[in-house]
Amino acid sequence: MSNTGRRPLRVAVVGAGIGGCAAALLLHRDGHDVTVVEQPAADRPHGAGLMVQQLGQQVLEHLGLLEKLIIVSAVVTGVDGEARSGRPVMRFDYGDVLPGAYGLGVHRGRLRGALAEAVTDAGIAQTTATVTGSRVDSTNRTLLINGGREQLGAFDLVVGADGTNSVVRRDAGLTRRDHPYPWGAVWSVVDDPEGISGDKLVQRYDGTRVTLGFLPVGSGQSTIFWSAQVDQLADLCAKPERLIALAEPHAGERATLVHRVLGSGLLPAYYRDVVARSACAPHLALIGDAAHATSPQLGSGASMALADAWTLATMLRRHAHLDNALDAYAVERRAHVRYYRWLSRMLTPVFQSRIAPLGPIRDRAIPLAQRVPFVQRQMVTMLAGVRTSPFGTWSLPQ
Ligand SMILES: Cc1cc2nc3c(=O)[nH]c(=O)nc-3n(C[C@H](O)[C@H](O)[C@H](O)COP(=O)(O)OP(=O)(O)OC[C@H]3O[C@@H](n4cnc5c(N)ncnc54)[C@H](O)[C@@H]3O)c2cc1C
């Protein structure tokens, strides 16, 4: 692939996360002059295990990273969600509907590490600085760094890939909505050399207040999630023995894994519902959580960030004029992003809320609905990351 038909763009990618690294690699491949700007490494873990869905796997494959990641990750064949009563609530295999499909359970640090390593191997310029905003004129955009005291640039295009709390989005006045969810989760990555968590995303529910999740992430490890209201997260992280007491009754044969949080510790996860006015502005594109953070009910955030990066690079190849390419990027992603945002908002209270009546309704309605092949197909393809509506699907533009 090469950037034919126009001069290479000077591009700054703000944020070397999942979307930012993918965008940097794809734009560099197309001949653009890319600089990645990442804030100084804080002493923070790179996050829980997550699922890369079929859509995100396709981008990783194009980047030549999928095989490498499969070796250190877990192939997740389906979802096994069960109520406290033992009644199956949501149970399916990806392969029942999409032959050969699977989710990739991966430690976020390994995914991010593989992408970051590829950025370094490709010789892409990298700068360590905290971006505090940007300034645009008619020909380019300049980044403000280090409290706005210094400038970086100028760039033809700034890619805001700085995650949920994006300063690039905020500073450019592109935030339409940015609301915290009242519920989050505590999580831990525990050793699981015995493979106790199996090859499925396992979730145990008790009403809408309890969700305990186990996700195999490969390399002899699993991630445990426990849903809780945000004002309880710090306390649970400080007292893992309390989490064990709460979670053990729901864990069944996976109780051994729950006990291992004593060794691995617990960390909080907070979710936000972010809507951008637009995914683009002059000399600026937003990708990933910066453009559309949601709660992780659908396990689609990483795959969406990868899909954004792919689409942006494709539109820059397709359109000679930058403004047209950015508009085309925003339009191409709109329906897909909107549907997943809507689904996340609709589903989150069904699994994480104080609306008690939703629990029994969910436990009866989902298994019944799943008997209908159309609904089963909706659920699997929704998780695979490809729907724009019950009747429409989205795939990576070529
Ligand atoms: C508990 C939990 C479970 C999840 N489970 C899943 C799942 O199963 N599947 C899934 O697909 N997604 C999941 N997600 C969501 C997923 O992690 C995100 O959607 C994904 O990481 C978004 O990628 P991103 O590149 O947009 O942002 P990030 O990966 O967050 O990267 C942002 C980068 O920008 C950098 N940065 C931030 N601010 C600045 C600044 N001012 N200057 C310079 N650099 C900056 C950060 O350091 C970071 O490197 C989960 C999230 C949580 C919290």
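Heavy atoms only: backbone and side chains are in, while hydrogens, waters and symmetry mates are out. Both ligands and their constituent atoms are indexed starting at 1 by order of listing.
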**Student:** Run the numbers for me: atoms of ligand 1, each under 4.0 Å from some heavy atom of A16, listed by number.
**Tutor:**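 Here the atoms of ligand 1 in question are 49 (O).
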**Student:** Please determine if V131 has a nitrogen or oxygen closer than 3.5 Å to a nitrogen or oxygen of ligand 1.
**Tutor:**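 Yes, there is a polar N/O contact under 3.5 Å.
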**Student:** Just jot down the ligand 1 atoms closer than 4.0 angstrom to any heavy atom of G301, in number order.
**Tutor:** 10 (C), 11 (O), 12 (N), 19 (O)
**Student:** With a cut-off of 4.0 Å, which atoms of ligand 1 are near a heavy atom of S303?
**Tutor:** 11 (O)
**Student:** Please compare V106, D289, I145 and report which has the shortest non-hydrogen distance to atom 26 (O) of ligand 1.
**Tutor:**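 The nearest heavy atom belongs to D289.
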**Student:** Starting at CG of D33, measure out to CG of L27 and round the result to the nearest 0.5 Å.
**Tutor:** 11.0 Å
**Student:** Any side-chain heavy-atom pair from T35 and F155 closer than 4.5 angstrom?
**Tutor:** yes
**Student:** Side chains of Q53 and Y94: donor-acceptor distance under 3.5 Å anywhere?
**Tutor:** yes
**Student:** Is the closest heavy-atom distance from G184 to ligand 1 below 4.0 Å?
**Tutor:** no
**Student:** Out of H292, R112, R108, whose heavy atom sits nearest atom 28 (P) of ligand 1?
**Tutor:**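 Minimum heavy-atom distance to atom 28 (P) of ligand 1 goes to R108.
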**Student:** Report yes if some heavy atom in the side chain of F214 is under 4.5 Å from a heavy atom in the side chain of V258; otherwise report no.
**Tutor:** yes
**Student:** Pairs of nitrogen or oxygen atoms closer than 3.5 Å, one from F225 and one from ligand 1: do any exist?
**Tutor:**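 N/O-N/O distance under 3.5 Å: no.
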**Student:** Mark up the atoms of ligand 1 that fall under 4.0 Å of a heavy atom belonging to T130, in ascending order.
**Tutor:** 41 (N), 42 (N)
**Student:** Among D162, L55, I18, whose heavy atom sits nearest atom 38 (N) of ligand 1?
**Tutor:** D162
**Student:** With nothing but distance in play, are any N or O atoms of M51 less than 3.5 Å from an N or O of ligand 1?
**Tutor:** yes
**Student:** Enumerate the atoms of ligand 1 whose separation from the nearest heavy atom of A269 is less than 4.0 angstrom.
**Tutor:** 1 (C), 53 (C)
**Student:** Would you say that S73 contacts R110 through its side chain, given a criterion of any heavy-atom pair below 4.5 Å between the two side chains?
**Tutor:** no
**Student:** Considering G17, G163, A291, which one's heavy-atom position lies nearest to atom 27 (O) of ligand 1?
**Tutor:** G163
**Student:** Evaluate whether atom CZ of R91 has more than 12 neighbouring non-hydrogen atoms of other residues, nucleotides or ligands under 6.0 angstrom away.
**Tutor:**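 Correct, the count exceeds 12.
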**Student:** Measure the shortest side-chain to side-chain distance between R169 and V167 over non-hydrogen atoms and say whether it is less than 4.5 angstrom.
**Tutor:** no
**Student:** Go through ligand 1 atom by atom and flag the ones less than 4.0 Å from a non-hydrogen atom of A129.
**Tutor:** 42 (N), 43 (C)
**Student:** Of the choices G20, A161, A302, which has the non-hydrogen atom that lies closest to atom 33 (C) of ligand 1?
**Tutor:** A161
**Student:** Backbone or side chain, does any N or O of V14 fall under 3.5 Å from an N or O of ligand 1?
**Tutor:** no
**Student:** Are side-chain N/O atoms of T164 and R272 paired as donor and acceptor at under 3.5 Å?
**Tutor:**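 Distance-only check fails for T164 and R272.
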**Student:** Using a 4.0 Å heavy-atom cut-off, which part of A185 comes near ligand 1: side chain, backbone, both, or neither?
**Tutor:** neither
**Student:** At less than 4.0 angstrom from any non-hydrogen atom of V167, what atoms of ligand 1 do you find?
**Tutor:**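 Taking each heavy atom of V167 in turn, ligand 1 has 41 (N) under 4.0 Å.
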**Student:** Given R260 and D191, is the salt bridge (Lys or Arg N to Asp or Glu O under 4.0 Å) satisfied, shown in steps?
**Tutor:** CA-CA 7 Å; R260 290 183 186 161; D191 287 337; over 6 Å; no
**Student:** Is the charged tip of R333 near the ring of W394: under 6.0 Å from the six-membered ring centre and within 45° of its axis?
**Tutor:** yes
**Student:** Considering the heavy atoms of S300, write down every atom of ligand 1 situated less than 4.0 Å from one of them.
**Tutor:** 9 (N), 10 (C), 11 (O)
**Student:** Do R345 and H179 come close enough that some side-chain heavy atom pair is under 4.5 Å?
**Tutor:**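 Counting from C-beta outward, R345 and H179 never come under 4.5 Å.
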**Student:** Hey, does the side chain of R362 reach the backbone of G207 with a donor-acceptor pair shorter than 3.5 angstrom?
**Tutor:** yes
**Student:** Would you say G288 has any N or O atom under 3.5 Å from an N or O of ligand 1, going by distance alone?
**Tutor:** no
